[in-house]
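Working notes, beginning with the structure itself.
So that the names make sense, note that chain A is the first sequence line, chain B the second, and so on, each numbered from 1. All values derive from a computational prediction rather than experimental measurement.
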Amino acid sequence: MSSSQNLVKELTCVRCPLGCKVKIEYTEELEVLNVSGNKCPRGREYAIQEISDPHRILVTSVKVKKGKYLLASVKTTDAIPLRLFDEAMKIIEKLEIEAPVKRGDIIIKNFLETGTDLIVTRSVERL
Amino acid sequence: MKYKTDVVVIGGGAAGMAAAYRAKKEGVDVILLERDEDTGGVLNQCIHNGFGLQYFRKDLTGPEFKEYAKERLEDIEILFGTYVLEVRKDRTIVFVDKRGIHEIETKALVMATGARERHFNSLPVPGKRITGVFTAGLAQRFINLENLKPGSKAVILGSGDIGLIMARRLTLEGIKVEAVLEIMPYPGGLERNVQQCLKDFDIPLYLSHTVTAIEGDRRLEKVIAAQVDYKWDPIPGTEKEFEVDTLITSVGLIPQTKPVDFVETDPGFLVSNTNQTSEDWIFAAGNCTVIFDLVDYVAKEGEKAGKYAALYARGEYKKGKKVKVRKGDNIGIVHPVYIDPTQESTLYIRVSRVFDRASIKVLPLDVEVIEDEARPPEMIVVKLKPFDENIDEIEVMADELISKLG
């Protein structure tokens with residue numbers, strides 16, 4: 001019976017700059033009872049994911065060889081589990097790509113088996 | 001060399017790119033002056049996402065936003081590596097580049113010069129001026145563009161968005177962030193950034209705290225912080241010491257209005273809803289007018305400035321009637337400060353204190369918006385339709401909305 005106590009979490013949705021305050025009520029078994037405060041369906045999705053396994057888009061940069069700039073910024077095409085960030089950064093740290101690269105170029109497909117790709121967000125011309 | 005054009009835009013950041021694009025679309029000749037070798041301004045180093053949701057309807061990083069905006073500038077003359085020396089009342093712009101000094105004769109001007117970071121040295125903090133103290137924007141530039149690591153252990157002063165974003169960025173790059181200090185009793189940045197930049201990485205945020213001294217011999221060794229009272233005076237006995245080699249400051253932005261010094265400013269350019277300054281032919285948009293929360297707002301304002309500057313250059317928009325916008329109760333900032341009532345307007349408002357539920361009213365117009373958890377760091381946007389030209393002044397005010405059931 002003790003496990004049936006309902007939990008409540010108040011979150012700030014980070015899916016867009018509106019930053020809705022979303023309130024989620026759930027059980028210890030992660031059964032969702034109620035979601036409120038979200039202005040769009042993405043807020044509901046966010047809250048549900050947040051109580052079990054928070055996901056975020058990872059943004060960082062990688063070294064570029066023979067480029068007009070030293071670095072090209074990169075991001076994951078979709079949010080990946082926050083718990084994978086350390087591992088992801090260790091991989092990205094060792095990467096070196098060669099110019100030219102274009103915005104949208106895929107550097108790693110299915111990054112860490114998350115189903116998302118690591119892509120370039122800044123085009124870098126070759127020197 | 002002597003140039004002649006309809007509209008000159010100074011500054012190729014988000015506001016300037018949007019202004020140049022829109023002015024050109026109105027069918028006039030445009031010259032964009034950019035001091036760097038590329039457009040984009042600060043967008044180039046803001047590699048995080050969250051840009052463009054309103055303007056491009058996509059979740060973009062800064063560099064992506066810049067590339068999308070730049071692709072629309074194909075047939076516009078952009079002069080890179082230029083520095084504007086003088087803007088003359090006779091509508092001549094004087095600039096310098098590698099080739100020498102040049103003049104442009106124009107019909108209208110859009111100032112899109114952005115803002116500068118307030119520096120630690122402008123704060124009354126005792127201690128030597130040692131190395132290891134950086135503004136958040138400079139640290140961002142080092143890490144994101146120049147592949148340089150500013151230090152290994154850091155404290156961040158100020159919880160504005162740039163400070164918060166740098167807390168996450170430093171952490172990802174293996175630099176330990178010991179604390180973020182905020183002098184106000186609430187965070188200075190957007191709530192979503194507090195979540196995804198601090199809470200996600202267990203970085204402590206100390207509200208009502210500031211730096212009281214820095215110590216070190218040549219390089220920073222220690223930051224001393226204390227809690228402050230309501231007058232921002234440090235409370236004795238609350239001192240905390242942080243042994244760090246880096247202090248990152250995110251203590252505000254100052255609109256950049258130079259070299260134009262003959263129009264009304266406070267401290268940014270004071271403009272109307274058509275982005276016109278006190279000088280008929282000079283328009284201004286973006287962070288050189290007021291510091292905006294979102295680049296999306298900056299780009300929209302830039303487009304508007306470009307449109308009216310083009311209309312002005314063609315003689316289709318003169319000086320509009322100016323209705324003064326007054327700051328009423330609980331309003332910290334309202335932008336713009338004048339309204340031409342024959343045109344639509346967008347008001348950007350910051351409340352001056354925290355509200356559970358705020359009612360924002362525009363008087364005497366019959367306009368009211370309700371905002372849950374209104375805080376000074378989050379701009380509230382209110383659109384106004386054209387209104388009665390006999391109204392001399394409008395006033396924006398905020399009130400706590402108390403539930404009738406409560």
Side-chain angles (χ1 to χ4, degrees), chain A residues 9-23 36-37 39-40 42-43 46-47 50 54-64 67-79 81-83 85-86 88-90 92-93 96 101-104 119-125, chain B residues 37-38 40 43-54 57-68 70-71 142-148 161 165 168-169 171-174 187 189-197 199-201 293-297 356 372-373 375 377-379 381:
Chain A
K9 217 171 192 176
E10 294 197 18
L11 306 158
T12 304
C13 180
V14 300
R15 292 277 169 93
C16 91
L18 283 181
C20 291
K21 298 275 188 232
V22 185
K23 192 167 153 187
S36 58
K39 289 182 185 137
C40 82
R42 295 200 297 166
Y46 172 78
E50 202 65 8
H55 278 49
R56 301 281 183 269
I57 288 176
L58 174 64
V59 294
T60 182
S61 47
V62 300
K63 278 177 244 148
V64 183
K68 195 176 165 191
Y69 307 109
L70 292 165
L71 298 168
S73 48
V74 295
K75 71 173 181 186
T76 54
T77 46
D78 211 339
L82 193 52
R83 63 188 151 78
F85 268 35
D86 274 347
M89 284 303 290
K90 283 195 185 103
I92 294 168
E93 204 183 329
E96 203 165 1
V101 289
K102 252 191 85 64
R103 180 186 82 230
I119 63 163
V120 172
T121 57
R122 182 194 204 185
S123 309
V124 181
E125 289 167 42
Chain B
E37 298 303 325
D38 193 3
L43 283 167
N44 289 311
Q45 65 187 63
C46 293
I47 64 169
H48 52 284
N49 62 305
F51 298 101
L53 282 152
Q54 295 183 26
R57 309 223 167 259
K58 285 189 176 88
D59 182 5
L60 303 171
T61 64
E64 289 173 312
F65 188 105
K66 170 266 185 109
E67 290 188 21
Y68 272 89
K70 195 181 177 185
E71 279 161 14
F142 282 163
I143 296 174
N144 293 349
L145 294 181
E146 297 177 17
N147 203 19
L148 297 170
D161 288 313
I165 279 154
R168 171 177 62 184
R169 189 73 193 115
T171 306
L172 281 175
E173 289 296 334
L190 302 175
E191 199 62 53
R192 66 190 300 257
N193 286 333
V194 175
Q195 173 65 49
Q196 60 184 351
C197 299
K199 289 182 187 164
D200 277 5
F201 300 97
D293 284 1
L294 304 180
V295 73
D296 302 65
Y297 298 159
D356 282 339
D372 284 329
E373 295 183 55
R375 303 185 311 127
E378 308 207 351
M379 269 183 158
V381 179

task: Dump the intermediate steps for side chain to side chain contact (heavy atoms under 4.5 Å, CB included) on A:M89 and B:E173, then the final yes or no.
output: CA-CA 8 Å; A:M89 284 303 290; B:E173 289 296 334; 3.9 Å; yes
- request: Heavy atoms only: give me the nearest A:V59-B:L172 pair and the separation to one decimal.
  value: O-CD1, 3.9 Å
query: Of the backbone (N, CA, C, O) and the side chain (C-beta and beyond), which part of B:F201 lies under 4.5 Å from a heavy atom of chain A, both, or neither?
result: side chain
query: Which pair of heavy atoms, one from B:D200 and one from A:L82, lies closest together, and at what distance?
result: CG-CD2, 3.5 Å
query: Taking B:E191, B:K66, B:R168, B:H48 one by one, which has the highest count of heavy-atom pairs under 4.5 Å against chain A?
result: B:E191
statement: Heavy-atom nearest pair, A:T12 first then B:Q195, reads O-CG, 4.0 Å
message: Tell me if the CD atom of B:E146 is crowded by more than 12 foreign heavy atoms within 6.0 Å.
response: yes
- prompt: How far apart are the closest heavy atoms of A:I57 and B:D59, and which atoms are they?
  reply: CD1-OD2, 3.8 Å
Pick from A:G37, A:A72, A:S123 with the largest number of heavy-atom pairs that fall under 4.5 Å of chain B: A:S123
- request: Verify side chain to side chain contact (heavy atoms under 4.5 Å, CB included) between B:L145 and A:R122, making sure each step is shown before the conclusion.
  value: CA-CA 11 Å; B:L145 294 181; A:R122 182 194 204 185; 3.3 Å; yes
- prompt: So, do A:K63 and B:N147 sit near enough that their side-chain heavy atoms are less than 4.5 Å apart?
  reply: yes
message: Please find the pair of heavy atoms, one from B:L60 and one from A:K75, that lie closest to each other, and give the distance.
response: CA-NZ, 4.4 Å
task: Against chain A, label B:F65 side chain, backbone, both or neither, depending on which of its atoms sit under 4.5 Å from a heavy atom there.
output: neither
field: Max heavy-atom pair count under 4.5 Å with chain A, selected residue of B:N193, B:N49, B:D372
entry: B:N49
statement: What one should report as the nearest heavy-atom pair of A:V14 and B:R192 is O-NH2, 2.7 Å
task: Take A:R103 and B:E71, measure what salt bridge (Lys or Arg N to Asp or Glu O under 4.0 Å) needs, and give me the verdict at the end.
output: CA-CA 12 Å; A:R103 180 186 82 230; B:E71 279 161 14; 2.9 Å; yes
- prompt: For A:R56, is it the side chain, the backbone, both or neither that has a heavy atom under 4.5 Å from a heavy atom of chain B?
  reply: side chain
message: Once rounded to the nearest 0.5 Å, what's the spacing between atom CZ of B:R169 and atom OG1 of A:T60?
response: 3.5 Å
message: Which atoms of A:L58 are under 4.5 Å from chain B, going by heavy atoms: the side chain, the backbone, both sets, or neither?
response: side chain
query: Residues in side chain to side chain contact (heavy atoms under 4.5 Å, CB included) with B:D293, at least two apart?
result: B:L190, B:Y297, B:R350, B:E378, B:M379
- line: If one checks every heavy atom of B:D38 against chain A at 4.5 Å, the contacting part turns out to be side chain
task: Quick one: which of A:I92, A:T121, A:D86 has the most heavy-atom pairs under 4.5 Å with chain B, could you say?
output: A:T121
